Amino acid sequence: MELEKVTRQAKRRYDDACGAALGMEYVGERWALLLIRELLLGPRRFGEIRAGLPGISANVLTQRLAGLEAAGIVERRRLPSPVNAQVYALTPWGREAEPVVLALARWALRSPTHDPTLPFSAVSLMLSLKMLLRPERAGDWRARIAFRLGDDPYVADLAAGVLAVSRGVADDVDATLSGRPPAFLPVVFGGRPLPAAVNEGAIALVGNRAIAERFVTLFQLPPKVE
């Protein structure tokens, strides 16, 4: 297998047979895991990936994409006409990293050093909703909420206490929320009422206001370590 060939040829940094050590050889380079995060909700162009990671240079992004592609985690695709653009996507094996990324994020959020004022991408926001949903608050309630985060459209589908998120547009939604990703943090995780953010202009709301207001109360940050 090509993946086995890459593994044999790669420079060993740990000399450790544990799967965690091998995993770090694949994603331990700076930016690698965040690059995977940005692709978890679907293929993206080079510029879109870089926009979600404002601190990365074009050169480093190119290197990380090449390394993840060689490892069998990322693949290049060509969008059909009329777009006809190259995008990067996770392979089926690469997509299996999602629970790893979410578990690491949830674990790290318990640190008192977490700084919510740092840059926050649209993908990060949508994955945080999936990660930090409190199923007992949702119960059997169903809702479909569209998000417009800059130029990125997303849809969040809630059913049976499980939230599915996807990149794209949908017509049959209960409400649409628009704004910059950081504007949602105090509303979703800080207890700020959604109407206050709407009245201030930080978030725009179209559709069923009651459903949108209930939806943003279904999430909670994990407790900080003491």
Side-chain angles (χ1 to χ4, degrees), residues 27 33-42 44 52-54 90 95-150 152-168 170 173-198 202-205 207-226:
V27 301
L33 197 63
L34 295 185
L35 197 158
I36 292 174
R37 179 199 71 192
E38 289 299 303
L39 295 177
L40 282 174
L41 296 182
R44 311 202 77 176
L53 301 171
L90 294 174
R95 288 195 297 272
E96 291 179 22
E98 178 175 326
V100 178
V101 175
L102 297 188
L104 177 62
R106 184 180 180 86
W107 171 75
L109 283 173
R110 297 196 62 210
S111 169
T113 66
H114 171 245
D115 184 356
T117 66
L118 293 173
F120 197 66
S121 75
V123 172
S124 295
L125 174 62
M126 299 311 297
L127 290 176
S128 72
L129 298 181
K130 186 174 184 178
M131 173 179 65
L132 298 173
L133 173 73
R134 295 296 298 268
E136 70 277 10
R137 294 184 184 179
D140 294 328
W141 189 56
R142 301 178 66 93
R144 195 173 205 208
I145 308 295
F147 287 82
R148 189 77 188 186
L149 307 173
D152 284 345
Y154 296 90
V155 179
D157 284 290
L158 175 66
V162 176
L163 187 69
V165 296
S166 58
R167 191 178 185 213
V173 297
D174 297 303
T176 299
L177 296 171
S178 305
R180 296 178 59 251
F184 288 88
L185 297 184
V187 173
V188 177
F189 302 119
R192 187 186 189 203
L194 177 60
V198 172
I203 295 176
L205 167 61
N208 192 309
R209 179 179 292 265
I211 290 179
E213 289 183 8
R214 179 179 178 185
F215 180 82
V216 298
T217 67
L218 303 179
F219 311 91
Q220 184 176 7
L221 290 168
K224 298 297 186 183
V225 295
E226 298 179 356

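Keep in mind that the numbers below use all heavy atoms, side chains included, and drop hydrogens, waters and symmetry copies. We number each residue from 1, following the sequence as shown. Everything numeric here is computed off the predicted structure, so don't read it as measured data.
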Separation between CZ of Phe189 and CG of Leu109, rounded to the nearest 0.5 Å: 8.5 Å
Do any pairs count as a side chain to side chain donor-acceptor pair (under 3.5 Å) and have a residue in residues 187-198, sequence neighbours left out, and if so which ones? Arg192-Glu200
Does the side chain of Ile36 come within less than 4.5 Å of Val100's, by heavy atoms? no
Salt bridge (Lys or Arg N to Asp or Glu O under 4.0 Å) filter on Arg214, not counting sequence neighbours, yields none
Could you check whether any side-chain N or O of Lys224 sits under 3.5 Å from a backbone N or O of Ser111, counting only pairs where one atom can act as donor and the other as acceptor? yes
Asp174 and Arg144 ion-paired at < 4.0 Å: no
Check salt bridge (Lys or Arg N to Asp or Glu O under 4.0 Å) between Arg37 and all other residues, then give those that pass, not counting sequence neighbours. none
Return each pair, listed once, that meets ring pair (Phe, Tyr, Trp, His ring centres under 6.0 Å) where at least one residue sits in residues 113-148; pairs must be two or more places apart or across chains. Phe147-Phe184
Let's go through Val188 and Leu132 carefully: what are the C-alpha distance in whole Å and the side-chain angles of both, what is the deciding distance for side-chain contact (heavy atoms from CB on, under 4.5 Å) to 0.1 Å, and is it a yes or a no? CA-CA 10 Å; Val188 177; Leu132 298 173; over 6 Å; no
Between Ser121 and Gly52, the two heavy atoms sitting closest are CB-O, 3.6 Å
List in chain and number order the residues that pass salt bridge (Lys or Arg N to Asp or Glu O under 4.0 Å) with Asp152, two or more places apart in sequence or in another chain; answer none if no residue qualifies. Arg44, Arg167
How many angstroms lie between CZ in Arg142 and CG in Asp157, if you round to the nearest 0.5 Å? 8.5 Å
Does Leu218 reach the side chain of Leu163, with side-chain heavy atoms less than 4.5 Å apart? no
When rounded to the nearest 0.5 angstrom, what distance separates CG in Leu90 from CD in Glu38? 11.0 Å
State the CG-CG distance between Leu39 and Leu35, to the nearest 0.5 angstrom. 5.5 Å
What are the two closest heavy atoms between Gly168 and Val155, and how far apart are they? O-CG2, 3.6 Å
Tightest non-hydrogen contact, residues Pro135 and Gly161, listed as CB-O, 3.7 Å
Heavy atoms of Met131 and Leu102 approach each other most closely as SD-O, 3.1 Å
Considering all heavy atoms, the nearest Thr176-Ser178 contact: CG2-OG, 4.0 Å
With a cut-off of 6.0 Å (strictly less than), are more than 12 heavy atoms of other residues, nucleotides or ligands near CZ of Arg137? yes
Contacts of type salt bridge (Lys or Arg N to Asp or Glu O under 4.0 Å), residue Glu226, not counting sequence neighbours: none
Are the side chains of Pro182 and Thr117 in contact, using a 4.5 Å heavy-atom criterion? no
With rounding to the nearest 0.5 Å, note down the distance linking CG in Leu41 to CG in Leu127. 4.5 Å
What distance separates Thr217 OG1 from Leu194 CG, expressed to the nearest 0.5 Å? 10.0 Å
Minimum heavy-atom distance between Pro223 and Arg110, given as atom pair plus value: O-NE, 2.7 Å
Below 4.5 Å, heavy atoms only, C-beta onward: do Leu149 and Tyr154 meet side chain to side chain? yes
Is the shortest side-chain heavy-atom distance between Ile211 and Ile145 below 4.5 Å? yes
